[in-house]
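Each chain gets a letter, A, B and so on, in the order the sequences are listed, and its residues count up from 1.
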There are 2 protein chains.
Amino acid sequence: MVSVSTEPVSDECVCVDSHSVAVASPISEDQFAAMAKALGHPMRIRILRLLAERQSCITGDVVAELPLAQSTVSEHLRILRDAGLIQGEIEGPRTSYCLNTSGLAALRAAMASL
Amino acid sequence: MVSVSTEPVSDECVCVDSHSVAVASPISEDQFAAMAKALGHPMRIRILRLLAERQSCITGDVVAELPLAQSTVSEHLRILRDAGLIQGEIEGPRTSYCLNTSGLAALRAAMASL
DNA sequence: TCATCATATCGTATTTCGACGATCAACGAT
DNA sequence: ATCGTTGATCGTCGAAATACGATATGATGA
């Protein structure tokens, strides 16, 4: 259980970068490793950069940009989503993906603690 | 080609954290992925934290801290070194490892660009 | 309703990872 | 010169990752 105190948050890491201002909740070593692992593939880096350039993409947009089969791209998107690096939202017959800014902030905060 | 102007660097990412101030040289997507992949294992995270706490460790110190065989730890250290996240220096019969601050800075810079 | 489009999932083959014990190489001390 | 210590490398095994085509799902439109 995580208790939520009524005091103002004073000891938490506040990350201020060019993209967002976020309070990153600390993550465990295993979560940190899982996120880094998800990041550890060139095609998944490209997917993240693509989502950073455009605000959001549907699966087909990502497939069109990468030299991979549709099923492979779908799997990479699942891995990124499971790791908390992106978010997927079903929009009718499509799925729209965008960066998960809080997940990315948590990862950056963990990186900074090394 | 990246032209190096004579103006003061104004568009480069300068990372200021509690550990260091560094201008990170940009890395390729493949290098980024390789570094993240190396980071993507809980035991390797623990090794990095260990090296962050102490200034440096010899292989045996790391072996003593982890529930792994000596050969396995040596392999993890090799992976981290190949990825540019740590540095190893041979000191007589031992090898002393420490964090590679420029590699870590480059990784943080790449993370920030997402 | 039926066909179509967009995605996710399944089954599978290949490759890579992670772990171990055993061995090899290098250095220091006796 | 030989021995013990330290750590890297080799060989091997099972597990996991990566890729693909084929198929299932589910919403939209004719």
Side-chain angles (χ1 to χ4, degrees), chain A residues 29-51 54-100, chain B residues 29-51 54-100:
Chain A
E29 281 181 357
D30 283 2
Q31 286 176 298
F32 184 8
M35 282 182 157
K37 188 175 185 178
L39 210 59
H41 191 291
M43 289 300 165
R44 292 199 284 268
I45 299 282
R46 286 183 59 178
I47 291 172
L48 290 174
R49 289 212 190 287
L50 198 60
L51 293 178
R54 315 177 184 189
Q55 304 306 63
S56 70
C57 290
I58 62 170
T59 306
D61 294 339
V62 182
V63 173
E65 288 290 326
L66 301 181
L68 293 174
Q70 177 269 325
S71 59
T72 305
V73 171
S74 184
E75 176 71 356
H76 282 308
L77 289 167
R78 185 192 62 76
I79 289 167
L80 289 169
R81 181 162 41 77
D82 286 356
L85 296 175
I86 67 174
Q87 291 174 299
E89 195 180 348
I90 296 170
E91 289 182 353
R94 300 151 229 273
T95 309
S96 180
Y97 289 96
C98 62
L99 295 180
N100 183 335
Chain B
E29 282 181 355
D30 283 2
Q31 286 176 299
F32 185 8
M35 281 182 158
K37 188 176 185 179
L39 211 60
H41 191 291
M43 288 299 165
R44 292 198 284 268
I45 300 281
R46 285 184 59 179
I47 291 172
L48 290 175
R49 289 212 190 286
L50 198 61
L51 294 179
R54 315 176 184 190
Q55 303 306 66
S56 70
C57 290
I58 63 170
T59 305
D61 294 340
V62 183
V63 173
E65 288 290 326
L66 301 181
L68 294 174
Q70 178 269 323
S71 59
T72 305
V73 171
S74 184
E75 175 71 355
H76 282 308
L77 289 168
R78 185 192 62 75
I79 289 167
L80 289 169
R81 182 162 40 76
D82 286 356
L85 296 175
I86 67 175
Q87 289 174 300
E89 195 180 348
I90 296 170
E91 291 182 352
R94 297 152 230 275
T95 309
S96 179
Y97 289 96
C98 62
L99 295 181
N100 184 336

Q.
Test side chain to side chain contact (heavy atoms under 4.5 Å, CB included) on B/Arg46 and B/Glu65; report intermediate values, then the result.
A. CA-CA 9 Å; B/Arg46 285 184 59 179; B/Glu65 288 290 326; 5.6 Å; no
Q: Tell me what B/Arg44 touches on the nucleic acid: a base, only sugar-phosphate, or nothing, going by heavy atoms under 4.0 Å.
A: sugar-phosphate
Q: Determine, stepwise, if the pair B/Ile45 / B/Leu39 fulfils side chain to side chain contact (heavy atoms under 4.5 Å, CB included).
A: CA-CA 6 Å; B/Ile45 300 281; B/Leu39 211 60; 3.9 Å; yes
Could I get a table of every N or O pair under 3.5 Å where one atom is in the protein and the other is in nucleotides 10-13 of chain D?
none

Q | Leading and trailing nucleotides of DNA chain C with any atom under 4.0 Å from heavy atoms of chain A | A | C/dA6 to C/dT9
Q.
Rounded to whole Å, how long is the line connecting atom CD of A/Glu75 with atom P of D/dA16?
A. 15 Å
Q. So, is B/Tyr97 near the phosphate of D/dT6, with a side-chain N or O under 4.0 Å from OP1 or OP2?
A. no
Q) OP1 or OP2 of D/dA17 sitting under 4.0 Å from any side-chain N/O of A/Lys37? A) yes
Q) How far apart are the closest heavy atoms of B/Pro42 and A/Ala33, and which atoms are they? A) N-CB, 3.6 Å
**Q.** Within residues 58-69 of chain A, residues whose heavy atoms come under 4.0 Å of DNA chain C
**A.** A/Ile58, A/Thr59, A/Gly60
Q: Determine the contact category for A/Gln70: base if any of its heavy atoms lies under 4.0 Å from a base atom, sugar-phosphate if only primed atoms, P, OP1 or OP2 are that close, otherwise nothing.
A: base
Q: Could you state the atom-to-atom distance from CG of B/Leu77 to P of D/dA8 in whole Å?
A: 7 Å
**Q.** Within-4.5 Å side-chain heavy-atom neighbours: A/Tyr97 and A/Leu77
**A.** yes
Q) When rounded to the nearest 0.5 angstrom, what is the spacing between CG in A/Asn100 and CE in A/Met35? A) 7.0 Å
**Q.** Position toward the 5' end of DNA chain D (nearest nucleotide), A/Pro93 or A/Thr72
**A.** A/Thr72
Q: Please report, rounded to the nearest Å, how far the P atom of D/dA17 is from the NE2 atom of A/His76.
A: 12 Å
(Q) Would the distance check show the side chain of A/Asp61 and the main-chain N or O of A/Ile58 forming a donor-acceptor pair, the cut-off being under 3.5 Å? (A) yes
(Q) Run A/His76 and A/Leu68 through side chain to side chain contact (heavy atoms under 4.5 Å, CB included) and show every step you take. (A) CA-CA 10 Å; A/His76 282 308; A/Leu68 293 174; 3.9 Å; yes
**Q.** Closest-nucleotide 5' rank along DNA chain D - winner of A/Val73 and A/Ile90
**A.** A/Val73
Q. Expressed in angstrom and rounded to an integer, what is the separation of A/Leu39 atom CG from D/dT18 atom P?
A. 12 Å
Q.
Rounded at 0.5 Å granularity, tell me how far CE in B/Met43 sits from CG in B/Leu66.
A. 6.0 Å
Q) When rounded to the nearest 0.5 angstrom, what is the spacing between NZ in B/Lys37 and CG in B/Asp30? A) 10.5 Å
Q | Nearest-Å distance for atom pair CG/P, residues A/Asp82 and D/dA16 | A | 16 Å
**Q.** Nearest-0.5 Å distance, CG of residue A/Leu80 to CD of residue A/Glu75
**A.** 10.5 Å
Q. Can you tell me how far CD1 of B/Ile47 sits from NE2 of B/His41, rounded to the nearest 0.5 angstrom?
A. 9.0 Å
Q. Reckon B/Ser74 touches a base, only the sugar-phosphate, or nothing at all at heavy-atom distances under 4.0 Å?
A. base
Q) When rounded to the nearest 0.5 angstrom, what is the spacing between CD in A/Gln87 and OG1 in A/Thr95? A) 13.5 Å
